[in-house]
Amino acid sequence: MEVEPEEMKCLGVVGIYREAYKVIFSWRKIFTQITLAFILPLSFIFLAHIEVSDYLLANIIDNENNLVETQIGTLKYNKISHLLFSKYATLCLLKAAYLLFTLIFSLLSTAAIVYTIACIYTGQKVTFTKVLTVVPKVWKRLILTFLTILAVLFVYHIIAALFLISWIAFMAPTNTGFLILFFLVVFYLVGLVYMSIVWQLANTVSVLEDSYGIEAMKRSSELIKGKTGVTVFIFFKLGFSYIIIQAAFQRLVVHGESLDMINRAVYAIICFLFHVKLVLFGHALHTIIYLVCKSYHNENIYKLALSDHLEAYSDHQDYAPLKGRMLSRATLRFDLLSSIYTKIRLL
């Protein structure tokens, strides 16, 4: 990455996209390895879950319809009831497995890509083997940040439920009441989007700084200020792209009965490849946005200190706070330059 911190603050949407593309294509070998190890399984799980879930739901609906038309207490009724219970249990297990493996591969890919881009930015040598040794240590910090956002979302939904209950209890179903409900829903959705953005950037903070959990989320919220428009636009575009891929997969593959198997297979592969590229590009964008936000707030990114911070992961050292290291390195270099300048003047 040739862009200096002073130039980072001026990057807009186009500049951020350009830097993300540039870093991926310049280091395509290691990003290909990361993609094969973490992102390919993630995309496969995502799309396979859609196909299998739709199949199970269709079976459940058919069994429910048959159950309604069957006389209660008969052997056929009991058989359909047991089958229906089995289908529901399978669907619940599938959802649980999907959420678990999606979380694992999502956090692993996040850790790998953020660490790799940070190494590239600092000029540090990075190999796939090195990434594999670092990812488990970084992944623990990301888990804590994820658990924090999970707790925050739980509290957020409790508060939203209390507002809904209050509206039902005290607001009459009038035009004014529905208008208030509309604004409550809008505020609720805006809050969800904002927390999602904060969480995504907090993942990068958890890898590159000494903050994780609630501190990483606070830090992420501070960094977004001033670059909110750019950040929201990019995250909305990424989210919309995910929706388009999912809708295309459901329309052309899952519900593509009018197409032959070859066409459906081709469309499935196309959706799969687009999803893989989108996940890789999205993680790269998150890291570039982090660097841009830091530069915008005039927070100098000392490459030497960041390099030492990253090296601590691979050397299996105890974690050292980045901020303190940054300041001490900066002070050390300043003192060294001052000493050299003084000796030159004496000569």
Side-chain angles (χ1 to χ4, degrees), residues 20-21 23-25 27-56 91 93-118 126 128-129 131-147 149-150 153 196-197 199-204 206-207 234-250 252-254 265 267-290:
Y21 274 118
V23 71
I24 290 173
F25 282 103
W27 296 80
R28 62 175 67 89
K29 180 181 178 181
I30 189 168
F31 283 111
T32 300
Q33 292 171 323
I34 292 172
T35 299
L36 292 173
F38 302 123
I39 299 179
L40 245 63
L42 175 62
S43 296
F44 177 80
I45 291 169
F46 174 77
L47 296 178
H49 163 262
I50 297 174
E51 175 73 32
V52 178
S53 293
D54 184 82
Y55 173 78
L56 288 174
L91 182 62
L93 289 174
L94 174 69
K95 294 291 184 181
Y98 165 73
L99 292 174
L100 176 63
F101 285 104
T102 299
L103 173 64
I104 291 173
F105 282 105
S106 178
L107 295 184
L108 287 174
S109 59
T110 299
I113 293 172
V114 172
Y115 176 81
T116 301
I117 293 179
V126 57
F128 184 63
T129 304
V131 171
L132 289 179
T133 61
V134 166
V135 163
K137 293 187 69 176
V138 181
W139 188 68
K140 296 175 184 178
R141 300 168 61 81
L142 292 173
I143 281 289
L144 292 173
T145 302
F146 171 76
L147 292 176
I149 187 63
L150 207 62
L153 285 173
S196 176
I197 294 173
W199 173 45
Q200 294 295 335
L201 194 58
N203 286 334
T204 305
S206 299
V207 177
I234 291 175
F235 277 87
F236 258 112
K237 191 172 181 181
L238 288 172
F240 182 73
S241 299
Y242 281 117
I243 293 172
I244 291 295
I245 292 173
Q246 181 175 349
F249 184 79
Q250 289 178 322
L252 299 172
V253 181
V254 178
Y267 284 126
I269 293 172
I270 292 173
C271 291
F272 176 73
L273 293 177
F274 270 114
H275 191 270
V276 168
K277 292 182 178 181
L278 186 61
V279 173
L280 173 61
F281 188 57
H283 286 321
L285 282 174
H286 298 160
T287 311
I288 303 299
I289 289 172
Y290 165 81

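Every heavy atom of this structure was used, including side-chain atoms; hydrogens, water molecules and symmetry mates were not. Residues: numbered from 1 along the sequence shown.
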Phe281 and Tyr21: aromatic ring centres closer than 6.0 Å?
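Ring centres of Tyr21 and Phe281 closer than 6.0 Å.
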Are the ring centres of Tyr242 and His275 closer than 6.0 Å?
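Distance test on ring centres: under 6.0 Å, yes.
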Smallest separation among heavy atoms of [X] and [Y], with atom names:
X	Y	result
Leu142	Leu107	CD1-O, 3.4 Å
Ser241	Leu278	CB-CD2, 3.6 Å
Ser109	Ile39	CB-CG1, 4.0 Å
Trp27	Val126	CZ3-CG1, 4.3 Å
Ser206	Arg141	O-NE, 2.6 Å

Under 3.5 Å side-chain donor-acceptor pair for Thr287 and Thr204:
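Not at all, the side chains of Thr287 and Thr204 share no donor-acceptor pair under 3.5 Å.
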4.5 Å side-chain heavy-atom contact, Thr102 and Phe46
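They are not in contact (no side-chain heavy atoms under 4.5 Å apart), so the answer is no.
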Do the non-hydrogen side-chain atoms of Leu40 and Phe272 ever get within less than 4.5 Å of each other?
yes
More than 12 foreign heavy atoms under 6.0 Å from CZ of Phe128: is that the case here?
yes
For atom OH of Tyr98, is the number of surrounding heavy atoms from other residues, nucleotides or ligands below 6.0 Å larger than 12?
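Yes - once you tally the heavy atoms of other residues, nucleotides and ligands closer than 6.0 Å, there are more than 12.
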Evaluate the ring planes of His286 and Phe235, with Trp represented by its six-membered ring, and classify them as parallel (under 30°), tilted (30 to 60°) or perpendicular (over 60°).
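It falls in the parallel class, under 30°.
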